[in-house]
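First the structure, in the form of structure tokens, and then the observations on it.
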Amino acid sequence: MADWFARGRTSLVGRLFGTFLRQSRSIAGVLVWIGIAVVLAIIVMALLAPFLAPFDPNTKVADPELPPGGPFVMGTDRGGQDVLSRIIWGSRVPLAIIAVATTISLALGLPLGLLSGFAGGRLDRAILLVMDSIYAFPGLLLAIAIAAVIGRGILNVSFAIAVVYIPTYFRVIRNHVASVKEEPFVEAAIALGLPRRRVIGRYILPNVAQSIPVIFSVNAADAVLTEAGLAVLGLGLPPGIPDWGFDISLNWQRFDASWWATFFPGLFILILTTALTFVGEGLNDILNPLLRRRETKVGAEA
Amino acid sequence: MTEPLLEVRDLKVYFSVYRGFVQRLLGGGDAKVHAVDGVSFSIAQGEVFGLVGESGCGKTTIAKTLVGLVRASSGKILFRGEDVTRPDRKGLFRVRERIQLIYQDPQAALSPAMTVGEAVADVLRAHGLPTDKGDRVHAESEAEIRAAVYGIFDDVGLRPPAFYYDKYPDELSGGQKQRVVAGRVLGLRPQLIVADEPVAMLDMSVRARMLEFLMELKARHHLTYLFITHDLATAKFVCDRIGIMYLGRIVEVGPARTIYADPKHPYTRALLQAIPIPDPSRRSAKVLPKGEVPNAVWPPGGCRFHPRCPSALPTCGWEGRDVIALLEERWLSIELAAREGIAGPIEAWEADGLIARRDMGTTDPHAVAALIRTIIDQSGGPMAQAVRDIRVEGTTVIVEFRAPEPLVPKEVEGRVVECLLY
């Protein structure tokens, strides 16, 4: 069983990675590389926060609302804290939430999508109904409702965001499975007498897996925004933890007096989401064969 | 005669057509595609039996039913005398070790995300390694499975096996992929192989080689083939006996040589005439079937081929909708449609079994009845003689046909034909 898993995984990841590398010099490939570089830089920033941040993010180090300049590259906020230090420390929150939330929604959305798409019939319709009703809620609203019920904290916020994205994974995987299921090689695997679990795991999953990195990066970008939204509304993390969204909520009413305390956290949210979107859209162009086919056609005409 | 390897008796496979709730409420009952409608044949050990027919005639459905991908609606499938029509889960697993399918398109039959070596190994993991004693043992190690796959690759001519093991399907040619597919099936040591158009997707240049390869395998592994094809020329090359299928039924079945030398059923004749002869100086008079293959949801009554048959008889099963089809075809000419406008439009006619009728409303039904009579008489042919009566009831014009003669398969000169000509 262990080596079954290992073999399926290596060939799968290897194949996806190979497809990506072959096309990494296309426009889409460059987008992905830029996105990856920016995200990696932010990850490094988060990991090295204790060394990079010039001041402690939670103590008053100077007068409130000093403009950018001198030792305070991005100024100080209304509490007299260094904005740059808070941004560096604050990068940990969105990254942690992306990691936890997307893992939870993938862990639930993927198996449900595989099951629903493969089984079809009534089970499929029942799962679809539940997922569609989750999907019908505006994402932020649903996250607010869940966060309001279960309270603050990284895990709670991640869970609230994860619930919002389960249907995205589910939908994409389920539809992809439903179409791959009709391929003769799946029928052939069944005709060869292979057990159902194996047919799903070895014949269907590897052929729908190219959707996963795409949804992952698009959802991650969205998750950053949702988290910031929750924080602005006061439903994010407990006070004391530096967080971009929380900093915006602290300072935005003083925008006229000290725009930098709101502007720089917002800018970093923008940078991270844009980078993740670059990765997602670029991968989509590369790994989604339908788009790729369209591209070659256009190329042939030119 | 010894017991046949496979015997199929009066097999019927219907598929329900999904109709919406409202449609069902509005009536018309349940619609069903009569994919296979009463087919019987048997295959002896070591034989190559060909099923030949146009696409949509039900040959692939038969293949899928044999390996349990599709459920038979009724009838029986006997394998070495054992009933395998509706096996349970375990039974199905065993059936699939003995009856296996080779697909038309080897590219589509292999997962693009799996190396071809793994594709074969996977089957051996699920079913165990066949031993010389005829049973199966589960492999002790991955190395043992790999060795077995090498053996299979060597057997199907993929040499050196180690070179091919880690290839993905896109990296192989069509012929090589078909060898992988054959190897994957042979790993199960099946007794009957159902080959569904195994060479149709291959280039002309490798077809003959592939057919030879299949025959080599047959000799080496004592296989029996059910060979499904739409191509009579291919079937002639490999089959001992053939069955000609049309719209879910076998119309003629017998030794291939007999049928090729002297086809009896009009449909078989038409198919054989359609084979091109590579000699420009020989021009054969071709009598091809007219029109299209009818819809299998409502197959024609009587002999299914009668609406297209060049030698149909008045007793072949003419019915109400044949008149409507005649009118429809006739009124494709704008001139005729205008001149015979009082009988139209075609949508106002309805067929009900042997009857076609049209409610004329305020128009004089007698004039229309007379017109229809003229049209049918003019068309000549067997349909005109099959009409029992054209009459008027109230405002409705009714065309009624005589009931057809029952169609029973008959032994004719060494083969069985289902046709009223004999």
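In what follows, every chain begins at residue 1, and chains take the letters A, B, ... in the order their sequences are listed. Atom set for the values below is all heavy atoms of this structure, side chains included, hydrogens, waters and symmetry mates excluded.
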Residues of residues 174-188 of chain A near chain B, each having a heavy atom less than 4.5 Å away: P184(A), F185(A), E187(A), A188(A)
Minimum heavy-atom distance between A191(A) and Y103(B), given as atom pair plus value: CB-OH, 4.4 Å
Greater than 12 external heavy atoms within 6.0 Å of R220(B)'s CZ: yes
K218(B) atom NZ, over 12 foreign heavy atoms within 6.0 Å: yes
Neighbour count above 12 (heavy atom, 6.0 Å) for F93(B) CZ: yes
Atom CZ of F159(A): over 12 foreign heavy atoms under 6.0 Å: no
Chain A contact via R184(B) - side chain, backbone, both or neither, heavy atoms under 4.5 Å: both
Interface moiety of L110(B) toward chain A, non-hydrogen atoms closer than 4.5 Å: backbone
Backbone of I190(A) reached by a side-chain donor or acceptor of R96(B) within 3.5 Å: yes
Flag if over 12 foreign heavy atoms under 6.0 Å of CG, L47(A): yes
Smallest separation among heavy atoms of D122(B) and L194(A), with atom names: O-CD2, 3.7 Å
R86(B), CZ atom: more than 12 neighbouring heavy atoms under 6.0 Å: yes
Heavy-atom pair with the smallest gap, counting every atom of Y203(A) and S111(B): CD2-CB, 4.0 Å
